[in-house]
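Take a look at the structure below.
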Amino acid sequence: MILSGYNKFIFSIFSENKEYLILSVYVVRVGGKFISFLKIHYTKTNPSGKLLPSYVFNTRLSVIDNSDWDIVFSMGKIIFKEDEVKIEFSSNLVMIYLNYTWEQKGINPKGELGKDISENDIIQWNSFDFRSYVKGHFITPYSTTEFKNAIGNIDLVKARKIPVMLKGLLWNRLHFEDLDLAFSFIFNTDNKPDSKLYLLHNKNITEFSDLDYH
């Protein structure tokens, strides 16, 4: 089972024609039930490279089932497989059909995203960075966007419960020409960061950990 007490999924897509789609799915256990929210942020650039106004959509979801690796919501689902991740959401205002796939052997989202929280950690960042290619459609009443082989990232920030003891979290990305960077610093009450950094350059991924933050 991939869900913990507190979960935040981030599905990011960056296409070659400068279109950006970020899906945030929050799932929090309150008592014996899950409360869930979906946030969508989509933007693109005009021919001169200027960012156009963004499309933003927020809604509350109900978790119908999460007995295995498939999470079924009232308006859609997230399906984890060995060689792909499928995301489907549909309402009268937005429809999303996305398929994340990858080429690296021996790497799969179950192993990367499904890692259990370390015993001494309050919160944990599991990431499937720079390894995914996305195909699918994003449809609103105003436009239809098709992704063919866009770069995709999948992140999951999770904790056993709502992280009230968390002192701080720095988490960001950089995408620029042939360089991609993702990092996180998670600070506990002892001010000792659990850190991780991924660097993609010339199609090679380098991972760093135990970084100092100043």
Side-chain angles (χ1 to χ4, degrees), residues 1-15 19-44 53-102 107-115 124-159 161-162 171 173:
M1 184 179 297
I2 198 167
L3 293 180
S4 297
Y6 170 89
N7 313 268
K8 180 180 180 180
F9 292 91
I10 303 287
F11 299 95
S12 309
I13 303 174
F14 307 90
S15 71
E19 291 179 291
Y20 309 95
L21 177 64
I22 299 177
L23 279 64
S24 303
V25 182
Y26 301 82
V27 185
V28 181
R29 186 192 299 273
V30 179
K33 297 181 179 180
F34 283 105
I35 298 175
S36 184
F37 300 90
L38 169 67
K39 292 187 175 183
I40 299 171
H41 190 109
Y42 167 79
T43 190
K44 62 181 180 179
S54 299
Y55 177 85
V56 179
F57 176 80
N58 302 308
T59 188
R60 182 168 177 173
L61 303 170
S62 297
V63 178
I64 306 299
D65 180 51
N66 68 307
S67 56
D68 195 4
W69 287 90
D70 299 344
I71 308 172
V72 181
F73 300 92
S74 53
M75 297 182 188
K77 51 189 160 183
I78 303 173
I79 302 172
F80 292 88
K81 296 184 177 181
E82 290 293 339
D83 58 351
E84 64 181 356
V85 175
K86 292 185 175 182
I87 301 137
E88 299 178 4
F89 286 100
S90 179
S91 72
N92 59 343
L93 292 176
V94 64
M95 289 186 287
I96 302 168
Y97 303 98
L98 301 173
N99 189 12
Y100 282 71
T101 59
W102 46 92
I107 299 174
N108 65 74
K110 288 185 177 182
E112 297 296 320
L113 298 173
K115 294 176 182 177
Q124 180 169 301
W125 172 44
N126 293 340
S127 187
F128 199 71
D129 280 287
F130 314 129
R131 300 181 176 99
S132 304
Y133 297 93
V134 188
K135 295 181 180 180
H137 292 83
F138 172 61
I139 303 169
T140 75
Y142 313 103
S143 64
T144 297
T145 301
E146 180 181 6
F147 298 102
K148 294 183 178 180
N149 272 305
I151 295 175
N153 303 314
I154 306 175
D155 299 285
L156 172 56
V157 176
K158 63 181 181 177
K161 58 183 179 179
I162 297 176
W171 182 27
R173 297 185 175 280

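Put simply, the side chain of Tyr20 does not reach to within 4.5 Å of the side chain of His41, judged on heavy atoms. Lys135 is not listed as a side-chain neighbour of Thr101, based on a closest heavy-atom distance of 4.5 Å or more.
Note: Phe138 and Tyr55 have perpendicular aromatic rings, judged against thresholds of 30 and 60 degrees for the angle between ring planes.
Of the possible polar contacts, one joining the Asn7 side chain to the Val27 backbone as a donor-acceptor pair under 3.5 Å is found. Remark: side-chain polar atoms of Ser36 are not paired, donor with acceptor, to backbone N or O of Ser62 under 3.5 angstrom. The closest donor-acceptor contact from the side chain of Thr140 to the backbone of Tyr142 lies under 3.5 Å.
Separating the CD1 atom in Ile154 from the CD1 atom in Ile13 is a distance of 9.5 Å, to the nearest 0.5 Å. Atom OG of Ser143 and atom CD of Glu19 lie 8.5 Å apart (nearest 0.5 Å). Here Tyr26 contributes atom OH and Lys8 contributes atom NZ; the two are 3.5 Å apart, rounded to the nearest 0.5 Å. We find the CG-NZ distance between Asp70 and Lys86 to be 10.5 Å, quoted to the nearest 0.5 Å. Separating the OG1 atom in Thr59 from the CG atom in Leu38 is a distance of 7.0 Å, to the nearest 0.5 Å. Taken to the nearest 0.5 Å, the CE atom of Met75 stands 8.0 Å off from the CG atom of Asn92.
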Start with the C-alpha distance between Leu21 and Thr145, add both sets of side-chain angles, then the distance that settles side chain to side chain contact (heavy atoms under 4.5 Å, CB included), and finish with yes or no.
-> CA-CA 10 Å; Leu21 177 64; Thr145 301; over 6 Å; no
Side chain to side chain contact (heavy atoms under 4.5 Å, CB included) assessment of Ile35 paired with Arg60 = CA-CA 8 Å; Ile35 298 175; Arg60 182 168 177 173; 3.7 Å; yes
Is there a side chain to side chain contact (heavy atoms under 4.5 Å, CB included) between Ile78 and Val85 once you walk through the steps?
-> CA-CA 7 Å; Ile78 303 173; Val85 175; 4.3 Å; yes
Start with the C-alpha distance between Phe11 and Leu98, add both sets of side-chain angles, then the distance that settles side chain to side chain contact (heavy atoms under 4.5 Å, CB included), and finish with yes or no.
-> CA-CA 10 Å; Phe11 299 95; Leu98 301 173; 5.8 Å; no
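Under the ring-ring contact (aromatic ring centres under 6.0 Å, His included) rule, Phe89 has a single partner from Phe37, Phe57, Phe73, which is Phe73.
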